[in-house]
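Structure first, then comments.
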There are 2 protein chains.
Amino acid sequence: MYVDTKQRLDTADAISDSGFAPRTVGRYHGTRAPRHVDDTAWTDYLAAARTRIERFDSHEVLFHEDDTADHLYEVASGSIMLYRLLADGRRQVVDILSAGDLFGMSVTGVYDCSAETLVPSDVRVLDKREIERSADLQNHVNRCLMGRIEALHSHAVLLGRKSAAERVASFLMRFVPNRGMIGCTGPKAAGGDDKVVVLRMTRQEIADYLGLTIETVSRVLSDLKRRGIISIEKNDRIRLPDVCRVCRLTGIH
Amino acid sequence: MYVDTKQRLDTADAISDSGFAPRTVGRYHGTRAPRHVDDTAWTDYLAAARTRIERFDSHEVLFHEDDTADHLYEVASGSIMLYRLLADGRRQVVDILSAGDLFGMSVTGVYDCSAETLVPSDVRVLDKREIERSADLQNHVNRCLMGRIEALHSHAVLLGRKSAAERVASFLMRFVPNRGMIGCTGPKAAGGDDKVVVLRMTRQEIADYLGLTIETVSRVLSDLKRRGIISIEKNDRIRLPDVCRVCRLTGIH
DNA sequence: CGTAAACTTGACGGCTCTCAAATATGGTGG
DNA sequence: CCACCATATTTGAGAGCCGTCAAGTTTACG
């Protein structure tokens, strides 16, 4: 029988190499080296609290799994991935956050996953005790948490029940607002139904998010290209000439 | 090639049959038929709000995906599963809740998944507007939501990166408190390290939770039995003669 | 222009799914 | 209490999707 399956690295080496993150060694440009930016431009809900904004480069780690959780974060711009690692190096990206999303909440006092920027990002940082002071802020946090839960439910369906092709199609649809979900506007009556999506993620990150390997992600994309469903303008710029067609491949309908 | 993969039902029939829930037809003893029980015995946090407790039988549906979300629920006793369905009948159980857990929160105003009892359960029901009234209650809701998010993160790792054997082992460890997670007490010094777990779920429900098929779940359990790692006393009563041994199969260590 | 990293492609194997049948379990009525 | 039936579970055989390993090829960047 085979002992530990899926997406593991050539264990001992890579682990001792960087301490984590299989096959991604070298993309970690040092951790926690933000430049202080400013204290203005607060959002509505966070206006009452004392906050600061920190700017991070691409692929910087904000915190690691098991670090003590003393801060709460809000994505001001850019995008952040949350991931967990198994002891043998398998990685699962559990969530991808964009502007307005909160993260860093913890019941245990310790972060349950690591947070890393996918692109240069501005992140608002506040002390976690701040939220207890304002009812409005608590309410806002609440709504954000519910939103994350719904996203995680969708992701569980994707990981548990969708084929590789369906996962990739669902992933592409993430970048098309108001399509493929409730309240889908459908293809615009006049004109075509095409859309260019910019992934801003490596194949490894996509694979780790979708519970696949980079080879499978690559093969599915090549297949979609061959069938004329997408065209790859740049590695992370993908044109969907017919959004509806992609949507029908997600497994949702 | 096979068209739509994984865990689908013999489509047209079963769908038109009950409207949902593949292979589970007949376990739905009618929906929304709770008996009113009492209004006392409130928990600390919900004491301030006007609530009622409803009692449900095993496998009753509390609400369906897409129902308008006007209530908030708390499990008082028993256990509830939340699941989503794909159009072709594939089901994914996204969460399993027990006493103290909240559910039914929604940002969209519509439930994002269905809720069904696994065993006879008491459920506290409150109007969702109630939570906005009390800061303490909001804080409590917050903590519950964070707990769900951490559980969903774990589940994403399981669904995305674990083998069938690891999933089943992880599932069994759910029923052993304070083991296999942070703060694991380890095997008690004196005496053995055995434990009897009562699943109170069908193989289909376990499979739909773990992102597997019923047959795979069964095969893994048979294999664990053959290797002496578990013994099956009844279909849903499983003895773990060596908890640590099961824990080492979860893929976490 | 040269090197390293990222990505693609191919060959192959295996874990898990599908389909099918046998066995066990649980509830019901005689 | 026991035969009988429907349902749940187990087991078997075979297939296929996707992972692994190992090249190529392209891209990125100094």
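As a basis for the values below, the full set of heavy atoms in this structure was taken, side chains included, without hydrogen atoms, waters or symmetry mates. Each chain gets a letter, A, B and so on, in the order its sequence line appears, and its residues count up from 1.
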Between atom [atom1] in [X] and atom [atom2] in [N], what is the gap in whole Å?
X         : N       : atom1 : atom2 : answer
Leu159(B) : dT16(C) : CG    : P     : 13 Å
Lys234(A) : dA6(C)  : NZ    : C1'   : 12 Å
Arg90(A)  : dG19(D) : CZ    : P     : 12 Å
Leu199(A) : dC7(C)  : CG    : C1'   : 13 Å
Asp223(A) : dC17(D) : CG    : P     : 11 Å
Gln204(A) : dG19(D) : CD    : C1'   : 13 Å
Arg200(A) : dA28(D) : CZ    : C1'   : 15 Å
Arg161(B) : dT16(C) : CZ    : C1'   : 16 Å

For nucleotides 23-26 of chain D, list the nitrogen or oxygen atoms of the protein found under 3.5 Å from its nitrogen or oxygen atoms, one pair per line.
none

Give me the distances for all protein-to-nucleotides 10-13 of chain D N/O pairs that come in under 3.5 Å?
residue : atom : partner   : partner atom : Å
dT10(D) : OP1  : Arg203(B) : NH2          : 3.1
dT10(D) : OP2  : Arg203(B) : NE           : 2.9
dT10(D) : OP2  : Ser218(B) : OG           : 2.7
dT10(D) : O5'  : Ser218(B) : OG           : 3.0
dT11(D) : OP2  : Ser222(B) : OG           : 2.4
dG12(D) : N7   : Arg219(B) : NH1          : 2.9
dG12(D) : O6   : Arg219(B) : NH2          : 3.3

Answer yes or no: is there a donor N or O on one side and an acceptor on the other, between the side chain of Thr117(B) and the main chain of Asp57(B), under 3.5 Å? yes
Ignoring hydrogens and geometry, is there a side-chain-to-backbone donor-acceptor pair from Arg167(A) to Lys162(A) under 3.5 Å? yes
If the test is side chain to side chain donor-acceptor pair (under 3.5 Å), which one of Arg200(A), Arg91(A), His59(A) qualifies with Glu205(A)? His59(A)
My understanding is that only residues two or more places apart in sequence, or in another chain, count here; which of them pass salt bridge (Lys or Arg N to Asp or Glu O under 4.0 Å) with Glu65(A)? none
Glu166(A) and Arg161(A) have their tightest heavy-atom pair at OE1-O, 4.2 Å
Check this for me: does any side-chain nitrogen of one of Asp223(B) and Arg219(B) sit under 4.0 Å from a carboxylate oxygen of the other? no
Using the test side-chain contact (heavy atoms from CB on, under 4.5 Å), find all partners of Asp112(B) that sit at least two apart in sequence or belong to another chain. Glu150(A), His153(A), Arg84(B)
Pairs of donor and acceptor atoms involving the side chains of residues 92-103 of chain A, under 3.5 Å and at least two apart or interchain, shall be tabulated with distances.
residue   : atom : partner   : partner atom : Å
Gln92(A)  : NE2  : Asp208(A) : O            : 2.9
Gln92(A)  : NE2  : Tyr209(A) : O            : 3.1
Asp95(A)  : OD1  : Arg148(A) : NH2          : 2.8
Asp95(A)  : OD2  : Arg148(A) : NE           : 3.0
Asp95(A)  : OD2  : Arg148(A) : NH2          : 3.3
Asp101(A) : OD2  : Ser98(A)  : N            : 2.9

Less than 4.0 angstrom between a side-chain N/O of Thr202(B) and OP1 or OP2 of dA8(D), yes or no? no
I'd like a table of donor-acceptor pairs (distance under 3.5 Å, sequence neighbours excluded) in which one partner is a side-chain atom from residues 245-253 of chain A, with atom names and distances.
residue   : atom : partner   : partner atom : Å
Thr250(A) : OG1  : Cys247(A) : O            : 2.7
Thr250(A) : OG1  : Ile252(A) : N            : 3.3

